[in-house]
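For reference, the structure is listed below as structure tokens.
Since the model is a prediction, treat every value here as computed from it, not as a measurement.
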Amino acid sequence: MSRVVKIIIGVIAVLAAAFFVFRTPDIPMEEIKTKYADEASQYIQVDGLNVHYKQEGSGPNLLLLHGTAASLHTWDGWVNELKNDFRITRLDLPAFGITGAHPDGDYSMDFYITFLDKFISQLELDTIFLAGNSLGAGISWSYTLNHPDKVKKLILLDAAGYPSGETPFVFKLAKNDITAGLLKNITPRSFIEKNIKEVYYDDSKITEKLIDRYYELALAQGNRQAFVDRARTQMTYEYDRILEIKTPTVIMWGQYDEWINVDNAHSFDLDLPNSELTIYECGHMPMEELPAQTAMDARGFLTME
């Protein structure tokens, strides 16, 4: 056996050993449910998915959509602040949280719009207030564009939609065949913590409990594969049609958003014919980093005649 062959075999052996040592197994979904579902949790079948959602409070219907790699828990602060004024529905979007992976791996914008319409219809929400963050905001305005009669008012927090330049590092990993394989099998808690620090501006607000939640939900059975599939899906946002959305809209944005630059906030405000913009001293997730302030502003907008 030649020296080169021996070296190659040795390298393969080391990599194989490292894989088995550092491999992070999936967490069974039943175990995830035990920890992260509660008495408010409900489930409904939509498009072959057992969708996890919660309904709390009373009043006009307010539907909340989270962003990529998040879950309905990202809205906990808003629910605490607003449940006396609104009947709040929030869900784990397909690919994430307790809802988990779509059986067909379809995470196109057309799918999300159709899925959301079926979810709204099955719950008989009728006309709603709609708020979303990041991907959830991209789905929100895309849904409003296609179903303007069903959304009374719209809140977009650090919304996806416009071409936004630099791709976050975790998405680059998911789009590369080699690193995607590692991402699906080796996910250190420190890696999740790094991503949370990218989307927060004030790191002092990042608790161990928060990191655990994001980490464990990321490891929920099927969710890492779903994240890779979602990251590799070419999202077809019709941003050239945003000016057609006449729905009253508030745009909320973090000044220090590292994932979707604040310049995009001004693009939405310029193109939306009936909008107002507020910039906050925070990162990519204003409703999670500044829940009381953003919820108060949301209440003022939604209750205004």
Between Lys152 and Ile128, is there a side-chain heavy-atom distance shorter than 4.5 Å? no

Between CD on residue Gln55 and OG on residue Ser41, distance to nearest 0.5 Å: 12.0 Å

Can you check side chain to side chain contact (heavy atoms under 4.5 Å, CB included) on Tyr107 and Leu135, steps first, answer last? CA-CA 11 Å; Tyr107 305 111; Leu135 168 66; over 6 Å; no

In this structure, would Leu62 and Met304 fall into the same cluster of hydrophobic residues linked by side-chain contacts under 4.5 Å? yes

Do Leu63 and Ile120 pass the side chain to side chain contact (heavy atoms under 4.5 Å, CB included) test, and can you show the C-alpha distance, the side-chain angles, and the key distance before you say yes or no? CA-CA 9 Å; Leu63 178 60; Ile120 289 170; 3.9 Å; yes

So, for Ala231 and Lys175, which heavy atoms are closest and what is the spacing to 0.1 Å? O-CE, 3.0 Å

Once ring-ring contact (aromatic ring centres under 6.0 Å, His included) is applied, do any residues pair with Phe96, and if so which ones, sequence neighbours excluded? His66

Mind checking what makes side chain to side chain contact (heavy atoms under 4.5 Å, CB included) contact with Val199, not counting sequence neighbours? Trp259, His284, Met285

With a 4.5 Å heavy-atom cut-off, do Ser71 and Arg213 have their side chains touching? yes

Determine whether a donor-acceptor pair (N or O, by modelled atom type, separation under 3.5 Å) exists between the side chain of Thr294 and the backbone of Leu290. yes

Return the minimal non-hydrogen interatomic distance between Ser140 and Leu65, and the atom names on each side. OG-CD1, 3.5 Å

Is a donor on one side and an acceptor on the other found under 3.5 Å between the side chain of Glu244 and the backbone of Leu272? no

For Phe115, ring-ring contact (aromatic ring centres under 6.0 Å, His included) partners two or more places apart: Phe111

Scan side-chain atoms only and decide if Tyr239 and Asp271 contain a donor-acceptor pair under the 3.5 Å cut-off. no

Any side-chain donor near an acceptor of the partner, Ser275 and Asp269, under 3.5 Å: yes

Kindly write out the residues that satisfy side chain to side chain donor-acceptor pair (under 3.5 Å) with Lys153, not counting sequence neighbours, or none if the list is empty. none

Using the test side chain to side chain donor-acceptor pair (under 3.5 Å), find all partners of Lys184 that sit at least two apart in sequence or belong to another chain. Gln225

Hey, any chance Val250 and Leu243 share a hydrophobic cluster, counting ILVMFWY side chains that come within less than 4.5 Å of each other, even indirectly? no

With a 3.5 Å cut-off and sequence neighbours excluded, list the donor-acceptor pairs that the side chains of residues 260-268 form with protein atoms.
residue: Asn261; atom: OD1; partner: Asp263; partner atom: N; Å: 2.8
residue: Asn264; atom: ND2; partner: Asn261; partner atom: O; Å: 3.0
residue: Ser267; atom: OG; partner: Asp263; partner atom: O; Å: 3.4

Between the side chain of Thr179 and the main-chain N/O of Leu173, is any donor-acceptor distance below 3.5 Å? yes

Any luck finding a side-chain donor-acceptor pair between Asp110 and Ser108 under 3.5 Å? no

Under the rule for side chain to side chain donor-acceptor pair (under 3.5 Å), what residues qualify as partners of Asp117, not counting sequence neighbours? Tyr143, Lys150

Does Ala292 have any side chain to side chain contact (heavy atoms under 4.5 Å, CB included) partners at least two apart in sequence or in another chain, and if so, which? Glu81

Centres of the Phe119 and Tyr53 rings: under 6.0 Å? yes

Can you check whether Val151 reaches Thr127 side chain to side chain, under 4.5 Å on heavy atoms? no

If you measure only the distance, is there a donor-acceptor pair under 3.5 Å linking the side chains of Thr278 and Trp253? no

In the structure I gave you, are the side-chain heavy atoms of Met235 and Tyr112 within less than 4.5 Å of one another anywhere? yes

Val51-Leu72 co-clustered via ILVMFWY side chain contacts under 4.5 Å: no

Side chain to side chain contact (heavy atoms under 4.5 Å, CB included) partners of Glu124, counting only residues at least two apart: none

Walk me through whether Glu276 and Ile251 qualify under side chain to side chain contact (heavy atoms under 4.5 Å, CB included). CA-CA 6 Å; Glu276 56 185 85; Ile251 304 156; over 6 Å; no

If I compare all heavy atoms of Ser134 with all of Gly67, which pair ends up nearest, and what's the gap? CB-CA, 4.1 Å

Any side-chain heavy atom of Asn50 sitting closer than 4.5 Å to one from Thr99? no

NZ/NE/NH1/NH2 to OD/OE distance under 4.0 Å, Arg224 and Asp229: no

Any donor-acceptor N/O pair, Asp202 side chain to Glu289 backbone, under 3.5 Å: no

Under a 4.0 Å threshold between the charged nitrogen and the carboxylate oxygen, would Lys197 count as salt-bridged to Asp203? no

Results of ring-ring contact (aromatic ring centres under 6.0 Å, His included) for Tyr201 - residues two or more places apart only: Tyr256

Are Tyr43 and Trp75 connected in the hydrophobic side-chain network, where two residues link if heavy atoms are under 4.5 Å apart? yes

Test of understanding: with side chain to side chain contact (heavy atoms under 4.5 Å, CB included), list the residues that count as partners of Lys35, not counting sequence neighbours. Glu216

So do Ser190 and Ile192 actually touch side chain to side chain, heavy atoms under 4.5 Å? no

Is there a side-chain contact between Ile27 and Gln221 (heavy atoms, below 4.5 Å)? no

Please enumerate all residues that pass side chain to side chain donor-acceptor pair (under 3.5 Å) together with Lys194, with sequence neighbours excluded. Glu198

Side chain Arg232, main chain Ala174, donor-acceptor under 3.5 Å: yes

Does a side chain donor of either Tyr214 or Asn195 reach within less than 3.5 Å of an acceptor in the other side chain? no

Below 30° counts as parallel, above 60° as perpendicular, anything between as tilted: where do the rings of Tyr36 and His73 land? perpendicular

When clusters are formed by joining ILVMFWY residues with side-chain heavy atoms under 4.5 Å apart, either directly or through shared neighbours, do Met296 and Ile88 land in the same one? no

Between Glu39 and Lys54, does any NZ, NE, NH1 or NH2 come within less than 4.0 Å of an OD or OE carboxylate oxygen? no

Enter the distance from Met252:CE to Met287:CE here, rounded to the nearest 0.5 Å. 11.0 Å

Asn133 versus Leu157, closest heavy-atom pair with distance: ND2-O, 3.0 Å

Which heavy atom in Gly283 sits nearest to a heavy atom in Asp158, and how many Å separate them? O-OD2, 3.6 Å

Any donor-acceptor N/O pair, Glu56 side chain to Ala40 backbone, under 3.5 Å: no

Check Thr247 against Pro148 and note the closest heavy-atom contact, atom names and distance. OG1-O, 4.5 Å

Run the salt-bridge test on Glu288 and Lys205 with the 4.0 Å N-O cut-off and return the result as yes or no. no

Can you list the steps and then say if Glu193 with Ile196 is a side chain to side chain contact (heavy atoms under 4.5 Å, CB included)? CA-CA 5 Å; Glu193 181 178 0; Ile196 296 172; 5.5 Å; no

Please tell me if the side chains of Ser142 and Glu238 come closer than 4.5 Å, counting only heavy atoms from C-beta onward. no

